[in-house]
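Start at 1 and go down the list; that is how both ligands and their atoms are numbered. Position 1 is the first residue of the sequence; numbering continues from there. Side chains included, hydrogens not; waters and symmetry mates left out as well; all remaining heavy atoms used.
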Amino acid sequence: MPEPKMNLIDGAWITGETTPNINPSDISDVIGHYARASADQAEDAIAAAKAAFPSWSRSGPLDRHKVLRAAADEILARKDELGRLLAREEGKTLAEGIGETVRAAQIFDFFAGEALRLSGEALPSIRPGVGVEITREPVGVVGIITPWNFPIAIPAWKIAPALCYGNTVVFKPADLVPGCAWALVDILHRAGLPDGVLNLVMGRGSVVGQAIVDSPDVAALTFTGSVPTGAALAAKSAELMRKVQLEMGGKNPFVVLADADLDVAVDCVVQGAFFSTGQRCTASSRIIVEEAVQDAFLARMTERMSALRVGDALAPDTQIGPVVDENQLNQNEGYIEIGKAEGARLVTGGERLKRETDGFFQAPALFADCTNQMRIAREEIFGPVAAVIPVKDYDEALAVANDTEFGLSAGIATTSLKHATHFKRNAEAGMVMVNLPTAGVDFHVPFGGRKASSLGSREQGRYAAEFFTTVKTAYTLA
Ligand code: UN1
C-alpha cells in the first residue's frame with residue numbers, strides 16, 4: 001500500500017488517523033489513504049499560520065509572484081494527471097476534470113500577475129499640507145473551507161488571492177476529495193512557501209472545520225458549501241467580529257422564451273442542468289418555459305437526454321459521470337419521489353443505472369408540469385434533476401425566476417434585445433447569462449450571488465481583494 005498522504009502543518013508533513021479516498025465510478029478502486037487531522041492539529045496549524053503572518057505579510061511582491069507563478073506552471077504541466085485524479089475522486093468526466101485543472105492554473109496565473117500590481121492611492125487631504133494614502137493590507141490568518149464539487153478550482157480561487165495579498169492560510173478541503181487538495185498544497189509547498197504560510201488540515205467538518213470556525217486567531221473565513229453550515233459559520237463569525245465570505249446554494253432559473261433559438265436553449269439547459277452531474281451551485285434547476293414553445297422544447301430535450309452517455313468518469317465517451325457518493329444519490333432519488341408525489345410529471349430519467357463497475361450512476365431527470373411552489377422547484381437538490389415550469393409570458397417568467405430564496409445565477413434564452421436587456425437589469429441574481437448556461441464562469445471576473453446564495457464580498461478577479469485585504473487610510477502632515 002502506498003504511504004498515506006499527510007497534513008501539512010508548519011512546513012512539516014504530519015500523520016494521524018487516515019481514511020480511504022474512494023472512486024465514485026468504481027467503489028472497489030481506492031485512490032489512496034489520507035490523514036484526518038485532530039482538533040489539536042488544526043489548532044497547531046492555526047498557530048503556525050499566525051506565527052508565519054508577520055514575515056509573509058511583509059514579503060515582497062516578487063516573492064509572492066514567484067510562488068504563484070511556479071504553482072500555475074506545475075498545475076498546467078500536470079493537467080492530464082491532476083484532471084484524472086479529479087475525475088477519479090469526484091466523478092466529473094475526464095474532460096471536465098482536465099478543464100477544471102486548467103482553470104486552477106489560470107487562477108494562479110492571474111494572481112501571480114496581481115501580486116506584481118499591488119497598489120494604493122495617494123491624494124491631497126482637505127487640510128492644506130496634509131497628504132492621504134490609501135493602501136490595502138493583508139487581513140491575517142485566513143480559514144479556507146471548500147466543498148467536494150470543485151476539488152481544485154475552488155481551493156485555487158481562495159488560496160491564490162489569500163497568498164497574493166499577503167495572508168497566511170489554514171485550508172480544510174472537503175473530506176470526500178482530499179486528493180486534489182493534497183496535490184495542490186504539495187505543489188505550493190515545493191514552490192517555496194515559507195513554513196506555516198499554507199497549512200493543510202484534511203478531515204471532518206465537525207472536528208477540523210469546527211476548530212477553524214471557533215478560533216479567534218482566524219481573522220477571515222471563506223467558505224463554499226451548504227446554507228445551514230454557512231449560517232452557523234456566519235453566526236460564530238459575528239460573535240468573533242471576524243470577516244466572512246460565504247458561497248452557498250442556488251436554485252438557478254433558466255428562462256426559455258418563445259422567441260428563443262431552441263437549439264441554443266436546449267444546449268444551455270443540458271449543459272447547465274446535467275453536466276458535472278448537476279453538482280454545481282450554479283446548475284440550472286428551474287427551467288421556466290413560455291407555454292407556446294413548451295411541447296417543442298420538451299420534445300428536443302427528451303431526444304437530447306436519451307443520447308447522453310452516463311458512465312465511468314474516466315471512460316473517454318462518458319458525458320455525465322457518477323453522483324459523488326451513496327448519500328447524495330439516495331437524496332437525489334428521494335427528490336424524484338417527492339416530485340412525483342407533488343404531481344410533477346417525470347418526462348425522463350431519475351433511475352439508478354447499472355454499469356460494469358459498482359458506482360453511483362443516475363440517469364439525468366427532467367420533470368414537466370411543475371409549479372414554482374413544489375419542493376423540487378424550491379430546494380437545492382445538487383444532482384442531475386431539473387424542473388420545467390410553464391409560464392404564459394415574459395413578465396410571468398421573470399416573476400417566477402425571482403421567486404426563490406436564492407440568487408446566484410440566472411439565465412435566459414431569447415433573440416429579443418428588449419427582453420435580454422430587461423432580464424439583465426431585473427434578475428435578482430449575482431450573475432446573469434444571456435443565451436449561455438447558468439453554470440461555467442470565467443476566472444477573471446467577480447463570482448457570487450445575492451439572498452441566501454452568498455454573504456460578504458465577491459470572489460475571483462480583482463474583486464477578490466475586497467475580502468482578502470483590509471483598507472488603511474493614512475494622513476501625513478509634511
Ligand atoms: C461554475 O459554474 O463554473 O460550488 C462554477 C459551485 C460554485 C462554482 C461554480 N461555487 O458550484
Taking atom CD as the centre, does E303 end up with more than 12 heavy-atom neighbours from other residues, nucleotides or ligands that are less than 6.0 angstrom away?
no
R280, portion touching ligand 1 at heavy-atom distance under 4.0 Å:
both
Determine whether the aromatic ring centres of residues F111 and W157 are separated by less than 6.0 angstrom.
no
N149 neighbourhood, listing ligand 1 atoms whose heavy-atom distance to it stays under 4.0 Å
4 (O), 6 (C), 11 (O)
Pick from G440, G225, G250: the one approaching atom 1 (C) of ligand 1 most closely through a non-hydrogen atom
G440
What part of W157, side chain from CB on, backbone N/CA/C/O, both or neither, has a heavy atom under 4.0 Å from ligand 1?
side chain
Side chains of T18 and Y34: does their closest heavy-atom pair fall under 4.5 Å?
no
If you measure only the distance, is there a donor-acceptor pair under 3.5 Å linking the side chains of Q331 and N327?
no
Would you indicate which of A153, S454, C281 comes nearest to atom 7 (C) of ligand 1 when only heavy atoms are counted?
C281
Quick one, E333 with R352, criterion salt bridge (charged side-chain N to carboxylate O under 4.0 Å, His left out). Give me CA distance, side-chain angles, the key distance, then yes/no.
CA-CA 8 Å; E333 286 183 318; R352 221 176 249 246; 3.1 Å; yes
Using a 6.0 Å distance limit plus a 45 degree cone around the ring axis, check whether K158 lies over the aromatic ring of F171.
no
Quick one: nearest non-hydrogen protein atom to atom 9 (C) of ligand 1, plus distance?
T282 OG1, 3.4 Å
Would you check the N or O atoms of F150, main chain and side chain alike, for any that come under 3.5 Å of an N or O of ligand 1?
no
Element-labelled atoms of ligand 1 that are located less than 4.0 Å from some non-hydrogen atom of I154
4 (O), 10 (N)
Of all the atoms in ligand 1, which lie at a distance below 4.0 Å from a heavy atom belonging to A439?
2 (O)
Below 4.0 Å, non-hydrogen atoms only: which portion of R103 touches ligand 1? Side chain, backbone, both or neither.
side chain
Could you check whether the rings of Y394 and H422 sit parallel, tilted or perpendicular, using 30° and 60° as the cut-offs?
perpendicular
